[in-house]
Amino acid sequence: MTDFDTLFLNANLATFCGEGYGEIRDGALAIANGKIVWLGPRNALPSGWAASTDKIIDAKGGWITPGLIDCHTHLVYGSNRAAEWEMRLEGASYEEIARAGGGIRSTVSATRAADERVLLSQAWSRAQALASEGVTTVEIKSGYGLDTDSEARMLRVARRIGDSGQLAVRTTFLGAHALPAEFAGRADDYIDHLCQHMLPAIAAEGLADAVDAFCETIGFSPAQTERVFQRAQELNLPVKLHAEQLSNQGGAALVARFQGLSADHIEWLDEAGIAAMKRAGTVAVLLPGAFYCLRETKVPPIDALRAAGVPMAVATDHNPGTAPLLSLRLAMNMACTLFRLTPAEALAGATRHAAAALGLNDRGRLEVGLRADLCVWQVERPAELIYQIGGQPLRMRYLEGRQL
Ligand code: NIG
Ligand code: FE
């Protein structure tokens, strides 16, 4: 009996179950109806399976990993901020530019002015760039609209990228990203408005899978962030947070108090935050692309996170300001080079732990019963796909059992 649609042979598997890569050398993996139905060493394959030649794919001694998951991006926005980058190269800081009305707020003006078709075509080509390197699930945040209509437009664009069937999309409402100009000097009023009108409207349309905020001196205070989280909780939406990126605000402990999915950036995270994250099962999302682009020097407390057993994810944080980065492979390379993750940790961070950072239990590992989202790589060892900067080691990409 051959109850499968596709059977990979001559493959090494990095399952991310158990320790390290969770390797199975000379393995086989079978897919049926979009799910993984069997995997293991080739010599344990049920007899007769290897004879169904029309369903067999020869992985040519390469490696199969779960499809990569980019669990933190801002893919939808108008225009770009190359001019601001030039200013920063000449010495202006990210905070100075933000305080002078540039930064996030300049992208807000461009995003509000852009029509939905333009936003979609630009975001679509960014999503394709990520997918071409093995991403099968991407999280996309709003946060450059900052009014109900523009935020909804961004999230609809994000959903349409998912409707393409080329990669799965999870959306996050980030209305508390920056203070829009029309609320200048009235941050609490904006948070009231967000809680009373924006978030309920977004939730009613089913546009958000989670809620995020930017808790920072140039963003929102912990008290304001907490009000957003309370409202999200009332609407049954899980929360995550841009926390301790530029300073220690206690954001990680705050998001953990709400059983948050993740605390992201966390360069300034302290022991109390780590302990709170561990207790709550909150994932640490590392964003080395933003660290690199901002020329930060304070590295997230990797050793302490590792010692505490807090799962660490790695994402691109693609955005026009602090990380115009469209390569999750390069983000993993940076996580190793700049933050000293091991390659196995970095890859687990873009698969298994990235799934957890999105609250998804049906992907991110190679395991019977999970979605058949996978990548076949022409590499001799998994580290090679992080070690090499550029190039194209990806041979095949599968989303729910369909080759793309
Ligand atoms: O994740 N920290 C806040 N949000 C983004 C930056 C957004 C922007 O500068 O446009 C980030 O780094
Ligand atoms: Fe971000």
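As the structure is a prediction and not an experimental result, all values here were calculated from the model.
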**Complete:** side-chain hydrogen bond (donor to acceptor under 3.5 Å, both in side chains) pairs touching residues 191-203, sequence neighbours excluded, are Asp192-Arg227
**Request:** Sequence neighbours left out, what passes side-chain hydrogen bond (donor to acceptor under 3.5 Å, both in side chains) with Arg397? Give chain and number order.
**Result:** none
**Message:** Can you list everything that forms a side-chain hydrogen bond (donor to acceptor under 3.5 Å, both in side chains) with Arg105? Sequence neighbours excluded, please.
**Reply:** none
**Asked** What is the ring orientation for Phe229 with Phe258, classed by angle as parallel under 30°, tilted 30 to 60°, or perpendicular over 60°?
**Response** perpendicular
**Item:** Any side-chain donor near an acceptor of the partner, Asp264 and His242, under 3.5 Å
**Value:** no
**Request:** Using the test salt bridge (charged side-chain N to carboxylate O under 4.0 Å, His left out), find all partners of Glu380 that sit at least two apart in sequence or belong to another chain.
**Result:** none
**Prompt:** For residues 270-286, which residue pairs qualify under salt bridge (Lys or Arg N to Asp or Glu O under 4.0 Å), counting only residues two or more places apart or in two chains?
**Reply:** none
**Message:** Test of understanding: with side-chain hydrogen bond (donor to acceptor under 3.5 Å, both in side chains), list the residues that count as partners of Lys240, not counting sequence neighbours.
**Reply:** Ser262
**Request:** Could you tell me whether the side chains of Tyr77 and Arg126 share a donor-acceptor contact shorter than 3.5 Å?
**Result:** yes
**Item:** Modelled atom types, side-chain donor and acceptor of Thr73 and Glu139, under 3.5 Å
**Value:** no
**Request:** Look at Arg231 together with Glu234 and state whether they make a salt bridge at an N to O cut-off of under 4.0 Å.
**Result:** yes
**Item:** SB check Arg156 Asp149 (cutoff 4.0 Å)
**Value:** no
